[in-house]
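Residue numbers start from 1 in every chain, and the chains themselves are labelled A, B, ... in the order their sequence lines are given, proteins ahead of strands. When reading the values below, keep in mind they use all heavy atoms of this one structure, side chains included, and skip hydrogens, waters and symmetry mates.
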Amino acid sequence: MTRELDKTFDPAAIEAKWYSHWEQTGAFRPERPDAEAFTIVNPPPNVTGSLHIGHALDNTLQDIVIRYERLRGKDALWVVGTDHAGIATQMVVERQLEERQDKRTNYSRDDFVAKVWEWKEESGGTITRQLRRLGCSMDWSREQFTMDEHFTKAVLKVFVDLYNDGLIYRDKRLVNWDPKLKTAISDLEVETRDVNGHMWHFKYPLEGGQTYTYVERDEDGNVVLEEERDYISIATTRPETMLGDGAVAVHPDDARYAPIVGKLCEIPVGPKEHRRLIPIITDEYPDPDFGSGAVKITGAHDENDFGVAQRNGIPMYRLMDEVAAMRSDGAPYAEAARRAIEIARGDTLDAAEVDALNLVPDEYRGLDRYEARKKVVADIDAEGLMIMVEDKKIAQPFGDRGGVVIEPMLMDQWYVAAKELAKRPIAAVKSGEIEIVPATWEKTFFNWMENIQPWCVSRQLWWGHRIPAWYDADGKVYVAMTEEEAQAQAGDGVALTRDEDVLDTWFSSALWPFATLGWPDNTDLVQKHYPNSLLISGFDILFFWDARMMMAGYYNMDERPWEKLYLHGLVRAADGSKMSKSKGNVVDPLGLIDQYGADALRFFMAAMESQGRDIKMDEKRVEGYRNFATKLWNAARFCQSNGVGLSKHIAAPDARMAANQWIIGELAQTAETLEKAMAELRFDAAANTIYHFVWDRFCDWYLELIKPVLQGDPDTDAAKETRAVAGWALDQILVMLHPFMPFVTEELWNSRGHPHDLIVGEWVNPQASVNKAATDAIDWVIDLTTATRSARNELGISPSEKLAAFIEAPSGLAASVIERSSAAIERLARLSPITVGEAPAGAAMQVAAGSDTFIVPLEGVIDVGAERARLEKALVASQKEAKSLEGRLSNANFVERAKPEAVEKARADHAHHVAEVERLKAALERLG
RNA sequence: GGGCGUAUAGCUCAGUGGUAGAGCACUAUGUUGACAUCGUAGGGGUCCCAAGUUCGAACCUUGGUACGCCCA
């Protein structure tokens, strides 16, 4: 059944229809039990998310590959689902509560989590609906969620296994604490930004007013400063952390401070009578050339200080609470300070006792860290102990979700031994077992993986996978899949409490390539579709997700997660800046779909996706691809109205006519180029190949060439053959274009009356090759047509007027084409009649095709001067070329050392231009 | 401080050693029953700079310059 097509393609009219048809008929995952597997897992978008332009790129590329492989007969599985996105989702729901003057802590944990689930059921489907609008052919029948029951089981199993293997452990170290979200986050979730700040220089007085001679020398050892000091000068960007100092450190080689190493100095803040004393120690960390060369050591609030404190057994005093305000718990300051002085004088305490000690002076307690900073500075200044303050750019850590300054805090968290897990992924990429495309990313990958730090995976949230660890009254931990198992480990009657924390979202999404297939059960899907074939992701989640999938894949499955990792760039705004809500330059992909159709947006994404480069948004280009869809639409319409039917066979029909043989050869070549591009994941090359074949070859030349045949007697063999070839070629175009433009191709395919849908069709296989004679003939016609049009244009002769042409001594090619294809020449070049023989004398236009010259008498019509100018211009150009080639060919070095084919080509080009020069000279002579 | 990338027509970008390309924009033009979301013809480039390798460099090497990104 064929259906008549409208004059203009209206994407909106067909997209929804085809999508639901495909989904309802199960076309996204046809039953192909015996076929080779091809598997992609979709990077699960946040369940809170909505489709942004980056998703549009990422998913378009995946859909192109999966549709391509489906057409090629593979058992193509595209796994889809959403991520519970711990922090992001909890934030969304908490914000909703806030709008109603409500808050999370008004609820029990279970009730709050129930509320999140409720929200997820109601609003979680936004992005999945939007992916459908883009035409993405995922297997929705098995839609996954990282907190599905089976997925949760997988997460717990991995945690328990890692724990039993010693690869997950609890540790007290500095974590990145987000005081807004009140949770620890991983290093990757911290963004370091340079901000304007200050460097304060303070005097730390020596104990009991002791003095020493401070001597400063220049590079040559000359004394530039010598004075008696009763203090040591300390520079800091964070004065509020002074309250937690455990020592002052100087470099062991720093002669300036050698006299006072081992002595005590006073932290110049807090009530005078309880000033804390801390030792002056040596460590390699302080840089003698930076600041004063002396560094205060606050092990509990600075990464570098933490290292110094650990090496030197310096106590680390925690100063802040969960919102980064100065602590107000514990004993009064006087008592705490007394204990601290005992410690400084050699008393030892265990870590828990140190942690319990609140060394914030009473008047600072409860202050926000920045308020405390102001007060510390003011108090020291008032005491006359501030030396100076400089303006300085400070590299400051921010939480990528909460957007506030991260506070390093010393606390217990769960860590994954990432270094160990990184070993096999590193080896796999080195050996080529996993290929990263483009390969330039390998260096970045190695650099990160080889310097990987323990991964903090516990989060102080409610929404997520709760850590399967239980503690008894003594704090002993029992890790197990269930509370029953933990109880069994602990023994009957031991009271257990479960760890309050949940796991980092990326801990679970790392399992996506196999947990979505049913693992830990050994399902058929796991058997057949793990390892996956390919992963496509933005480079921005290379470490967050891709690298961790590798770790999880090798650890749990003992195999790579996928054969290939394709990394694409960012979609940027038209001016090249990053799109962001705050800048207001975000382009909504759905708006583009509304305006130009999903096919146009998809084609844009593909055509712009060259490896290793970001994509700049260019709406004109999207519009151009909308036009391309319309062009194809109209070509199909033309075929339809000329009785061109559908093809019965995938192989090219038999053809005797040059135009038909030619298009078959061109199509075979196109298919080959396209397949090569797809194999190399060169989406731009693939898109451009099919684009130019459709527009330049098929529409501009082939359809024009066959018009005379189609519009003549329909019952001739030539007409029948032409309809068969045209129908076949159009069908092959629809197949090749389908991965890129699924909607318009499916609509056209069905309008042509095919018995099955294109989405489950068969990939092209022309079983034909280029016919040299046909190519020569058609190239000759194209040559002649182009030359004639150009000459007419330059001479101001109407493009439509038919002109008589003469050719004196046609080449064999010319003679045969003139005989067989005069109708095409008449139609395209508008030369008719063509007479073999001498042209009448008089002014004429002369055009060339190959080595043949046509004389078109135009006595009294053309401006002879203009024609002469035209010919002379061409003559000069050919002479220049000929001369340049002659120079090259007369260079012995070139002839002897260049590749033979290069020499051959130069000779051929030279001969051509020499002939052209002769021809043009003759033409000019004829003109008189 | 370390690493990576980019620089080609007015704009957005292809081009992996043989002498420069596409789309858009621009100029001129409008003809045939698919298409004006179209057709035809045309103008437009020190391929960032410098040196080197080579018979030959947009492409390879080295050193700059500018812009961007990542890590510390």
Quiz: residues 446-454 of chain A side-chain donor-acceptor pairs under 3.5 angstrom, not counting sequence neighbours:
residue	atom	partner	partner atom	Å
A/Glu450	OE2	A/Lys430	NZ	3.0
A/Asn451	ND2	A/Asn447	O	2.7
A/Gln453	NE2	A/Asn451	O	3.4

Using a cut-off of under 3.5 Å, enumerate the N/O to N/O pairs linking the protein to nucleotides 5-7 of chain B.
none

* Asked: Which pairs with one or both residues in residues 890-909 of chain A pass ring-ring contact (aromatic ring centres under 6.0 Å, His included), sequence neighbours excluded?
  -> none
For nucleotides 19-24 of chain B, tabulate all protein N/O to nucleotide N/O atom pairs closer than 3.5 Å, reporting atom names and distance.
residue	atom	partner	partner atom	Å
B/U19	O4	A/Arg888	NE	3.0
B/A22	O2'	A/His692	NE2	3.4

* **side-chain contact (heavy atoms from CB on, under 4.5 Å) partners of A/Met608, counting only residues at least two apart** => A/Phe604, A/Ile615, A/Arg621
* **Listed partners of A/Ala908 passing side-chain contact (heavy atoms from CB on, under 4.5 Å), at least two apart** => none
* To do: With sequence neighbours excluded, tell me which residues meet salt bridge (charged side-chain N to carboxylate O under 4.0 Å, His left out) with A/Asp684.
  => A/Arg682
* Asked: What residue pairs, at least two apart or across chains, pass side-chain hydrogen bond (donor to acceptor under 3.5 Å, both in side chains) with a residue in residues 896-905 of chain A?
  -> A/Lys905-A/Asp909
* Rounding to the closest angstrom, what is the interatomic distance between B/U61 and B/C67 at atom P? -> 24 Å
* With sequence neighbours excluded, tell me which residues meet salt bridge (charged side-chain N to carboxylate O under 4.0 Å, His left out) with A/Glu867. => A/Arg870
* Asked: For A/Asp575, what residues pass the side-chain contact (heavy atoms from CB on, under 4.5 Å) criterion, not counting sequence neighbours?
  -> A/Ala573, A/Ser577
Using nucleotides 69-72 of chain B, report all nitrogen or oxygen pairs with the protein that are shorter than 3.5 Å.
none

* To do: Answer with yes or no whether A/Ser800 presents, from its side chain, a donor or acceptor under 3.5 Å of a partner atom in the base of B/U31.
  => no
* For RNA chain B, what residues of residues 789-797 of chain A have any heavy atom nearer than 4.0 Å? -> A/Arg789, A/Ser790, A/Asn793
